[in-house]
Every structure is written in structure tokens, then in C-alpha cells.
2 protein chains.
Amino acid sequence: MARQPPTKPRKNASQERSRATVDALVEATARILVRDGFEKASTNRIAEVAGVSVGSLYQYFPSKEALVAAVIERHNEEIMGNVRAALAEVADLPLDKAVRKLVTVAIEAHRINPKLHRVLAEQIPRTGQLKDVEAFNREVHTLVRTYLESRRKEMRKVDLDVATFICVSAIEAVAHNTVLNGAEMLSEKMVKVLVDETTRLVVGYLR
Amino acid sequence: MARQPPTKPRKNASQERSRATVDALVEATARILVRDGFEKASTNRIAEVAGVSVGSLYQYFPSKEALVAAVIERHNEEIMGNVRAALAEVADLPLDKAVRKLVTVAIEAHRINPKLHRVLAEQIPRTGQLKDVEAFNREVHTLVRTYLESRRKEMRKVDLDVATFICVSAIEAVAHNTVLNGAEMLSEKMVKVLVDETTRLVVGYLR
DNA sequence: AGGAAAAGCGAGCTAATGCTCGCATTATAT
DNA sequence: ATATAATGCGAGCATTAGCTCGCTTTTCCT
């Protein structure tokens, strides 16, 4: 088994200047990942694009993996923010309204930065971020499950965990494939159709 | 180094020998990808594991990517074989029976070699195999669409392409996530439940 | 002001990778 | 038997990656 390189910063940026440096590095990493892929994202290149020296890079990130991990974390946090907000907003709504909102949010979340999403999805296994992403998935699962539990009267009899798994998988997949099959080619009309259909799929399944 | 003169007729030894070499290389690549990941799959290592020299490797594969591409193709062909067979077998069956079969095949396909499946999915973008995989997806889409078309009477009014997209995405996602969330931990009972539920999801949606 | 701590620098080291090329071995054909 | 082609070899080249370390510059604090 190959050992994972460390992903924690070796130094904590305390001053304003250094925080800017860290930001620039993460941002540069994301940009290069999107534009040229993981292979071309060398530490030298990242530092160059960030307008920083390699030496400084290694003051804050012990390895290249740590940089990618930081990008993943930032992106995940952004998405989770949306998901949490949506589920809070939807807590008292009936099934059909709630599912529609969730589907919409899922597609929107994927549309934030499709290419980055794709590259990151590919890189997760090799950054030792699996744990974090699993935690992320578990949180989504828990949130959805909690909502479904509160709406059980509207649903047929069904194992909640299984139902949650099926629904989350289905919604996520449609969002994922929708965005990856021509992100820009997506007319608003098409998005509406897909939201309608996916909502029907899930709601029909639940009740 | 005088060799024994060939007294016995030998078959197309030359062709077979090189074929064996090619096979060994592809097989070794797959094994290393599964065991150690893409990073550790250097051409020298692949040649070594295959019991062949790097020089020979480069006689048959112009680059490392070509090797991975060959593995991808082999794996895809295996899966497509199953999918084609399933859809042929199912052509005259009603919706519920057909969908159930498809879901089962999807899960089985992912269970053939989950780890390889995962690694390959990650490596597709960097091997220039995107085209082939898209072709693969298109074929699945076409096959499913054709089946659905023949069963339209059992279905509600719905855009066939959209319905196909939704169904294929959902089925694929459940299979994918099922296998990736603890492939061995999967009891037969659990698989049955998931097949039941996914079938219900899809059939309920279509009619 | 002035010294200490934080932040930043970048030439260059080490290790590894993809790949080449001249030569050796094995098979086929005459 | 000999020539020719096919197959196989593997040391080593060129390149690039990740990363270190001794040093300078900037900021903070009294």
C-alpha cells in the first residue's frame, strides 16, 4: 500500500500577506487543474502562476497533494453550503416541492464550475481526500434522510436508508451527466425539462 | 550459439509469441493499475511484470497511454458484451422484467472488477479515450432507447431521449455507488433489495 | 530605531520517468 | 545452410518532477 503524503500545512499563515499568498496558490492550482489537468500542474508551475516562489509554496503546503486537497475542500465547502441552505429552506415543504428544489440545487451546484468538478472527482483518490469526501457524502445522506423521515406520511412504506441512497444517487447522477454532456449546450428549457423529469422520477418512487 | 535445427514443423510460432507478449503487457498493466494505481504504472515496471523488456513494449505500444487505452478497451468490450446480450435477451419482455434484468446486469458489470473500473474511470480523460467511452455510452443509450421505443404502449407520453437519459443515468449511478461503497460488504440480500428498488424507481417513472 | 520573527526567494539537488537505439536471439523462407 | 525478417533485449539518455536550503526582504513590536 502506497503511503499518502501529508496534506496539512506546515506553517499557519498569520499575517495578511501570507494569507493572500495561500489564497493565490489555491486559486492558481484550481486554474491550472481546469485549464491543463493534473499532469501539467507541477509545483513550479503553480508557484509561477500564483506569482510566488516554490519556496513559499512549500512553506504552506507540504506537498502537491496538499494543494489539490485544499482545492477540493474549498469546492466541497461551497457546494455543501448550497445543499445545507436548500435543505433548510425546504424543511417544511411537501415532497414534490422539496425534491424539485433539491434537484435544482444539485444541477446548479454542478454548474458552478463543471470542469473543476470533473478534474477534482478524478483526483480525489490520489489525494487521500477520500475520507473527507465520504464525510461530505454522509452529510448529504443524513440531511436528506432526516427530511424524508419528517415526511413519512406522504411516502409509502420503505427502508429510509435505502430510499435515501437511491434518491441521492439518482439525483446526483442526472446532475453529473447533464453537466458533463455539454455544459454550455444546456438551454434553460432543457434544464427545466430535466428538473421536471427527475422530480417525477424521485417523487413517483417515494410515494 | 548453434541451435538445434528445426526438425519438427512449428506452427505460426512467431505470431503467437508476439501475441502472447502483447497480452502479457496489457494484463500486467491492468494488474498494476489495480494494485498500485496509475502513478506506479511506469513503463519499466509494466515490462518487468509482464516478463518482457521495455524495448519490446515499445514495439507494440507507442506510449504508456496506449497501454492504458488498450486496457480500457478490453474492459469496455467485456461490459458491452454483457449489456448487448442482456438487451437482446430482453427484447420481447415487458417493461418491468426488462428493467429488472438491466439493473441486474449493470450491477454485475460493475462487480466484475470494481477496482479496475474505478481506476480506469479516473484515467479515461488523460488517455484520449474520451471519444471511445462516449461512443460506448452512445451505444448503450441507443440500445435502451430502441427497446423503450418498442414498448411505448406500456409507457406514458414522454420524450424518448430524455427518458432514456434519465433511466440510464439512474441505473448506472445506483450500480456505481453500490459497488464503490464496499464491494465485498454486499450481501446477496442487499443486492436483491437494491435491484427491487431501482426497478421500482425506473418502472414507476416510465409508466 | 532596531532587533526578532514572519514571509518570501529561486538555483539546484535527487530521483524517477518515458523512451531510444544498437545489438542479440529466434523463426521463416529459399 | 544461409539469408532475411521478426521479435526481443536493456543500458542509458534526456527530461522533468518534487522538493530543500541558505539567504534576503518585509512586518511586527517595543
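Numbered from 1 within each chain, the chains take letters A, B, ... in sequence-line order.
- In this structure, B:Arg17 atom CZ and C:dA27 atom P are separated by 5 Å, rounded to whole Å.
- Contact check on A:Asp196 versus A:Arg200 returns no salt bridge, with no Lys/Arg side-chain nitrogen under 4.0 Å from an Asp/Glu carboxylate oxygen.
- Spacing between atom CZ of A:Phe61 and atom C1' of D:dT20 amounts to 18 Å, rounded to whole angstrom units.
- Of all heavy-atom pairs between A:His110 and A:Glu172, the closest is NE2-OE2, 3.1 Å.
- The interatomic distance linking B:Leu57 (CG) with D:dC9 (C1') rounds to 12 Å, in whole Å.
- Note on residues 70-86 of chain A: pairs passing salt bridge (Lys or Arg N to Asp or Glu O under 4.0 Å), not counting sequence neighbours, are A:Glu27-A:Arg74, A:Glu77-A:Arg84, A:Arg84-A:Glu139.
- Side-chain proximity of B:Val54 to the nucleotides D:dT27, C:dT26, C:dT20 is greatest for C:dT20.
- Residue A:Lys64 places its side chain closer to D:dG18 than to any other of D:dG18, C:dC19, C:dG8.
- B:Ile79 CD1 to B:His75 NE2: the interatomic distance, rounded to the nearest 0.5 Å, is 4.0 Å.
- Within residues 34-51 of chain A, the residues having any heavy atom under 4.0 Å from DNA chain D are, by residue number, A:Ala41, A:Ser42, A:Thr43, A:Asn44.
- Contact check, A:Ser63 against D:dG18: no side-chain N or O comes under 4.0 Å of OP1 or OP2.
- Among residues two or more places apart in sequence or in another chain, the side-chain hydrogen bond (donor to acceptor under 3.5 Å, both in side chains) test is passed with A:Arg151 by A:Glu154.
- The side chain of A:Val52 sits closest to C:dC9 out of C:dA7, D:dG8, C:dC9.
- Closest to the side chain of B:Ser53, out of D:dG8, C:dC9, C:dC19, is D:dG8.
- Atom OH in A:Tyr58 sits about 18 Å away from atom P in D:dG22, given to the nearest Å.
- In this structure, A:Cys167 SG and A:Ile171 CD1 are separated by 6.0 Å, a value rounded to the nearest 0.5 Å.
- Taking atom CG on A:Leu67 and atom P on D:dA17, their separation rounds to 15 Å, with Å as the unit.
- Between B:Leu57 and B:Val52, the shortest heavy-atom distance links the atoms N-CG1, 4.2 Å.
- Comparing D:dT7, C:dG8, C:dC19 against the side chain of A:Ser56 picks out C:dG8 as the nearest.
- Look at CD on B:Gln59: it is 15 Å from P on C:dC19, rounded to the nearest Å.
- Within the structure, a side-chain polar atom (N or O) of A:Ser18 is placed less than 4.0 Å from OP1 or OP2 of C:dA7.
- Regarding B:Glu16, its CD atom lies at a distance of 18 Å from the P atom of C:dT26, rounded to whole Å.
- OP1 or OP2 of C:dG8 has at least one side-chain nitrogen or oxygen of A:Tyr60 nearer than 4.0 Å.
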